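Structure first, commentary second.
Only heavy atoms go into these numbers, but all of them, side chains included; no hydrogens, no water, no symmetry mates. Note that this is a predicted model, so its numbers are computed, not measured.
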Amino acid sequence: MTEAQLNAFIEENFSERNLVIISNREPYVHKKTLAGIKTESPAGGLTSAMDNVLKAVGGTWIAWGSGSADRDTVDENDRVSVPEGDNAYILKRVWLNKGLVDNYYHGYSNQVLWPLCHTALNRIYFRRRYWEGYVRANFLFAEAALEEAHENSVIWIHDYHLCIAPKLIKEKRPDLTTIHFWHIPWPDWSVFRACPRHSQVLEGLLGNDIIGFQLPIFAANFMDCIENSIDATIDQDNLTITYRGHTTRLKAFPISIDFKNFETMSSSKRTERAMINLKRKLHLPPMIGIGVDRLEYTKGLMMRLQALNLFFEKYDSFRGIFSFVQLAVPTRLKEPYLSYKKGVEAMASGINSRYGTPDWQPIIYLDNKVDHKDLVAYYRMADIGIISSIYDGMNLVAKEFAASQVDEKGTLILSEMAGAAEELDGAILVNPYDTENFADSINIVLKMSEDERKNRMRVLRKQIIDNDIYKWILDILSEVASVSSVMLKECKDFFDSSAQLRKELSSKELFLFLDYDGTLAPIAETPETAVINDATREIINMLKGKYKVAIISGRQLEDIMNMVQINDIYYAGNHGSEIWSGDEMFLSQDFTDVRSRLKDILKRLENELTHIPGVLIEDKGITASVHYRKVWTKDHGELFSIFNNVTKGCEDIFRITSGKKVFEIRPVKAWNKGDAVRWIMKNYGEGTLPVYIGDDTTDEDAFKEIGDGGVSVSVGGNPESEYFVSTQAEVIDFLKFFLDL
Ligand code: GDG
């Protein structure tokens with residue numbers, strides 16, 4: 001991919017659109033110095049990647065103005081053109097006072113979300129004021145974005161500092177397209193549930209049209225968290241979540257670097273001179289290793305030093321001829337980082353005093369930030385690059401190291417826990433906690449033949465060439481273009497539209513179709529505890545005097561009639577395969593065969609699933625449900641595989657569908673809720689307009705059946721329905737609306 005190809009794509013698809021980026025960190029910081037105002041670019045993967053995007057696309061970047069001269073360099077709208085002289089785009093600064101920085105940035109962002117997402121639960125520290133500051137700061141960022149947004153703008157939000165902003169932006173401007181890229185890992189529910197205010201975080205993020213993750217597993221983990229904590233409609237196949245009428249799409253976009261730029265910088269004469277100077281200045285031995293990290297506990301610097309310590313102890317022939325250069329830029333400058341810094345420094349100097357000699361140091365520890373142009377010299381001269389993250393979204397250093405290896409002589413040792421390990425085949429993977437194996441891997445690499453090194457490095461570089469930063473941007477912007485051109489089908493808030501609906505419906509004869517579980521009754525742990533309350537029952541009793549009413553359920557007919565206990569209305573059980581009209585029963589087919597085959601399947605499932613606690617098998621005569629709401633997430637994989645195995649081969653007679661934590665086994669020819677609506681309307685609904693409310697994916701067939709010929713309403717929002725009510729608790733107001741009509 002080249003910059004030119006990307007520009008052509010942007011020209012074609014985005015020339016009419018304005019791109020607004022929001023991130024916590026700004027790409028250019030203005031600082032007061034004795035020599036005047038100086039501009040700096042902070043170290044960090046995010047800023048370097050996104051600076052490239054805006055240089056290519058133009059637009060506005062909104063970020064916290066953290067530099068001492070930041071206020072002196074902006075105009076009256078808090079804007080400044082950057083980079084200086086080039087004026088490729090606008091940087092708009094948001095001002096945060098010290099208290100807000102402490103609570104929002106050092107507090108909720110860095111002491112809750114950062115350790116949480118890196119599964120370092122014992123490092124989480126939460127105060128209520130952190131959360132309040134976080135919400136306030138998100139509000140300020142969202143306001144700034146709304147000021148800069150044009151009609152048609154695309155808002156590209158970054159990372160864990162800004163989880164609430166998407167919701168705030170969408171509430172005011174639903175027409176804007178919002179994409180959020182999550183740079184760090186996303187943990188599964190067993191970890192994420194430890195997050196104080198986790199529902200608000202998830203709800204905030206669901207304001208986005210797209211959420212991008214580094215790896216598919218992080219998107220799957222996000223789904224897992226939604227499934228366990230938010231009443232939303234989930235489409236596992238298309239990776240979409242519909243919540244309160246809005247659909248969010250999840251997708252993995254592994255981030256990359258500007259390969260060409262690193263390669264060009266590294267091949268330059270300047271770099272060759274810098275390598276000679278560094279070797280002389282640092283008294284480097286013939287073989288060297290390199291580590292480049294923010295001084296950050298997730299980067300596993302302690303584990304790396306432990307492995308190096310063991311390496312120098314065990315493989316003493318390398319003493320005097322191999323040094324490891326560690327560039328560690330201090331970051332965040334607060335606890336726990338200050339203690340971590342001291343620990344790392346003490347360990348490095350311990351190794352040096354243990355093995356060092358007057359003219360050789362095993363570890364050369366440098367904590368000053370170096371310019372990228374100089375950084376490539378370190379990368380290029382290294383025989384080995386080490387990344388030992390305990391958990392990492394991607395890790396751009398891995399890719400920068402490879403891109404700078406223009407002589408192809410260096411080898412990368414890469415932690416299995418870094419996202420980059422999923423992509424970079426030529427690297428030697430290590431578990432950072434396995435110190436012996438890690439130390440042995442350093443020895444193996446240093447003794448590796450030149451041919452193997454070159455082969456590995458070629459494979460590695462090829463992967464990055466094919467998937468560079470321009471491809472990453474293109475993939476994301478293509479997704480944005482497709483989302484906005486199709487404009488994911490949205491549904492409207494029923495109550496916001498009530499005046500209009502009142503006008504349209506008051507003169508009509510209506511037929512109310514009501515789903516039961518999750519609609520008339522709240523979802524419960526077991527089917528028998530999902531009960532309808534007296535108030536709802538009373539309203540339905542009144543409604544049946546005014547309109548025709550049908551209860552449509554996936555439960556067995558007898559079961560649903562027992563649960564609801566209202567006479568003189570229609571019932572459809574087993575998704576419509578059994579219908580009760582008030583005085584007669586209708587079956588959609590002869591179920592004799594189905595019944596006996598289903599019995600066998602359920603018997604096998606019962607036998608094979610007994611050891612998994614929490615599985616509930618519901619025999620509904622002609623259909624069955626396997627509920628796993630109470631099954632631990634860790635057992636889901638095993639449950640799914642047993643279920644698939646047992647039901648394999650019965651496709652001639654049964655169809656498997658899934659709903660909210662439930663698998664349904666239904667005869668191939670069995671009716672769905674859409675069929676039930678059609679049949680009831682044809683036989684009993686002449687002259688009436690159907691109104692349907694339901695909460696589950698199985699209600700989609702009914703929504704589709706109704707289409708424009710009635711009113712379809714989902715609980716929680718489903719793109720197939722025309723309207724939504726937000727929660728099950730609002731269903732009672734929905735029923736009252738018809739009573740008052
Ligand atoms: C997050 C995720 C994900 C470091 N020291 C110096 C310096 N750096 C630059 C490197 C590289 C960047 O910092 C670090 O990249 P990481 O990928 O390790 O990034 P994080 O800051 O942890 O960021 C991470 C990333 O977002 C992107 O999505 O990969 O997983 O945690 O670019 O070169 N740069 C300069 N001097 C230094 O001394 N100039």
Distance alone, cut at 3.5 Å: any donor-acceptor contact between the side chains of [X] and [Y]?
X	Y	answer
Gln463	Asp425	yes
Ser625	Glu664	yes
Glu203	Tyr243	yes
Thr242	Thr247	yes
Asp590	Thr592	yes
Asp159	His180	no
Asp493	Tyr723	no
Ser721	Asn718	no
Asn221	Asp224	no

Exercise. Given side chains that start at C-beta, do those of Asn574 and Gln556 come closer than 4.5 Å, heavy atoms only?
Worked result: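 Contact flag for Asn574/Gln556 side chains = yes.
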
For this session: Check whether any side-chain heavy atom of Leu477 sits under 4.5 Å from a side-chain heavy atom of Trp156, and report yes or no.
Result: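 A side-chain contact under 4.5 Å exists here.
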
For this session: Determine, step by step, whether Met585 and Leu557 satisfy the side-chain contact (heavy atoms from CB on, under 4.5 Å) criterion, reporting the C-alpha distance in whole Å, the side-chain angles of both residues, the deciding distance to 0.1 Å, and the verdict.
Result: CA-CA 10 Å; Met585 165 91 156; Leu557 184 63; 3.2 Å; yes

For this session: Kindly check if the number of other-residue, nucleotide or ligand heavy atoms within 6.0 Å of CD (Glu558) is above 12?
Result: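 Counting other residues, nucleotides and ligands, CD of Glu558 stays at 12 neighbours or fewer.
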
For this session: State whether the number of non-hydrogen atoms from other residues, nucleotides or ligands found under 6.0 Å of Asp708 atom CG is greater than 12.
Result: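 Count not over threshold, so no.
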
Does the [X] side chain pair with the main chain of [Y], one donor and one acceptor, at a distance under 3.5 Å?
X	Y	answer
Glu730	Ser726	yes
Asp701	Gly674	no
Lys599	Val594	no
Glu700	Glu720	no
Lys546	Leu741	yes
Thr248	Asn208	yes
His246	Leu206	yes
Glu578	Leu587	no
Ser229	Cys225	yes
Thr178	Pro166	no

For this session: Applying side chain to side chain contact (heavy atoms under 4.5 Å, CB included), name anything that partners Glu638, two or more places apart in sequence or on another chain.
Result: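 Partners of Glu638 by the side chain to side chain contact (heavy atoms under 4.5 Å, CB included) criterion, ordered by chain and then number, come out as His611, Ile612, Ile642.
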
For this session: Would you check, one step at a time, whether the test side-chain contact (heavy atoms from CB on, under 4.5 Å) holds for Ile211 with Ile179?
Result: CA-CA 6 Å; Ile211 308 177; Ile179 149 115; over 6 Å; no

Problem set entry | Ring centers of Tyr628, Phe663 separated by less than 6.0 Å |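 That pair passes the under 6.0 Å test.
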
Exercise. Do Trp189 and His198 make the cut of ring centroids closer than 6.0 angstrom?
Worked result: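 Yes, they do, as the ring centres are separated by less than 6.0 Å.
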
For this session: Scan residues 553-572 for pairs that pass ring pair (Phe, Tyr, Trp, His ring centres under 6.0 Å), counting only residues two or more places apart or in two chains.
Result: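 Counting only pairs at least two positions apart or across chains, the ring pair (Phe, Tyr, Trp, His ring centres under 6.0 Å) contacts touching residues 553-572 are Phe511-Tyr570, Tyr570-Tyr684.
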
So does [X] pair up with [Y], basic N to acidic O under 4.0 Å?
X	Y	result
Arg555	Asp517	yes
Asp475	Lys471	yes
Asp675	Arg678	yes
Arg597	Asp652	yes
Lys673	Asp699	yes
Arg244	Asp231	no

Exercise. Please walk me through it: do Phe213 and Phe253 pass ring pair (Phe, Tyr, Trp, His ring centres under 6.0 Å)?
Worked result: CA-CA 6 Å; Phe213 296 92; Phe253 302 97; 9.5 Å; no

Problem set entry | Worked check of ring pair (Phe, Tyr, Trp, His ring centres under 6.0 Å) between Phe494 and Phe724 | CA-CA 5 Å; Phe494 179 84; Phe724 72 92; 9.7 Å; no

Exercise. Given Arg537 and Asp534, is the salt bridge (Lys or Arg N to Asp or Glu O under 4.0 Å) satisfied, shown in steps?
Worked result: CA-CA 5 Å; Arg537 184 176 285 117; Asp534 291 342; 3.4 Å; yes

For this session: Begin from the C-alpha positions of Asp209 and Lys170 and carry the test salt bridge (Lys or Arg N to Asp or Glu O under 4.0 Å) through to its verdict.
Result: CA-CA 9 Å; Asp209 296 307; Lys170 271 286 166 149; 2.8 Å; yes

Exercise. What closest approach, in Å, do Thr657 and Arg666 show between heavy atoms, and which atom pair accounts for it?
Worked result: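 Smallest heavy-atom distance, with atoms named: OG1-NH1, 3.6 Å.
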
For this session: Take Leu239 and Arg249 through the side-chain contact (heavy atoms from CB on, under 4.5 Å) test and state the conclusion after the steps.
Result: CA-CA 6 Å; Leu239 283 183; Arg249 185 180 290 172; 5.6 Å; no

For this session: Decide side-chain contact (heavy atoms from CB on, under 4.5 Å) for Ser577 and Phe586; before the verdict, give the C-alpha distance in whole Å, the side-chain angles of both, and the deciding distance to 0.1 Å.
Result: CA-CA 8 Å; Ser577 290; Phe586 169 80; over 6 Å; no

